[in-house]
Amino acid sequence: MASNVFDVLNNRACRGLALGALALMLGTGVAQASTLEVSNARLSLLPGNTPGAGYFELANSGEETVTLVGAESPAFESVEMHVSSEHEGMAHMHAIESLDIAPGERIEFAPKGHHLMFMRRIEALSEGDKAEVVLEFSDEQRLPVTFDVVSPASL
Ligand SMILES: [Cu+2]
């Protein structure tokens, strides 16, 4: 009889642990959103309908690697992730599909390095305006960021 009582207690304890673990997992998922921080977001605008370039810093204070897979903005038809490089004195850039940011890492999107390329403007933008951009991550996380529209000369 006594062992039956223990079984019941154990089962309750197990269920309690399982629920606790579940709550912990959900809690971690929610906290994840606040482990990414973007600063110094600027969108450099060239005259006419040439693509704009986006620069920013992104810090991951979480405990897991996050993967940036793209961005979108209502002000542009599409946004690409690019890397600039120099080869035999010539500047080149190519598109990349994703970029990992390790725990504790801070990456910089900057001239001559990684940048966002804003293709085909939909809305009129000029210096001093704000552009709304959403950074997209492989875990479905979406991070809204407001970019300051600046002139290339200010960079
Ligand atoms: Cu580019």
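All ligand and atom numbering here is 1-based and tracks the order in the structure.
Applying the side-chain contact (heavy atoms from CB on, under 4.5 Å) rule to Pro152 yields the partners Ser44, Leu46; only residues at least two apart in sequence or on another chain are considered. With sequence neighbours excluded, the residues forming a ring pair (Phe, Tyr, Trp, His ring centres under 6.0 Å) with Phe76 are Phe118, listed by chain and number.
Ring orientation note: the planes of His115 and His82 are nearly perpendicular, at an angle over 60° on the 30°/60° scale.
Distances under 2.8 Å from the Cu ion (ligand 1) pick out the protein N/O/S atoms His82 ND1, Met93 SD, His115 NE2, Met117 SD.
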Does the pair Asp100 and Thr67 meet the rule for a side-chain hydrogen bond (donor to acceptor under 3.5 Å, both in side chains), with working shown?
CA-CA 4 Å; Asp100 287 344; Thr67 305; 2.7 Å; yes

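Within the structure, every pair that satisfies the salt bridge (charged side-chain N to carboxylate O under 4.0 Å, His left out) test and touches residues 126-138, not counting sequence neighbours, is listed here: Lys130-Asp148, Glu136-Arg142.
Side-chain N or O atoms of Arg42 include one that pairs as donor or acceptor with a backbone N or O of Asn40 at under 3.5 Å.
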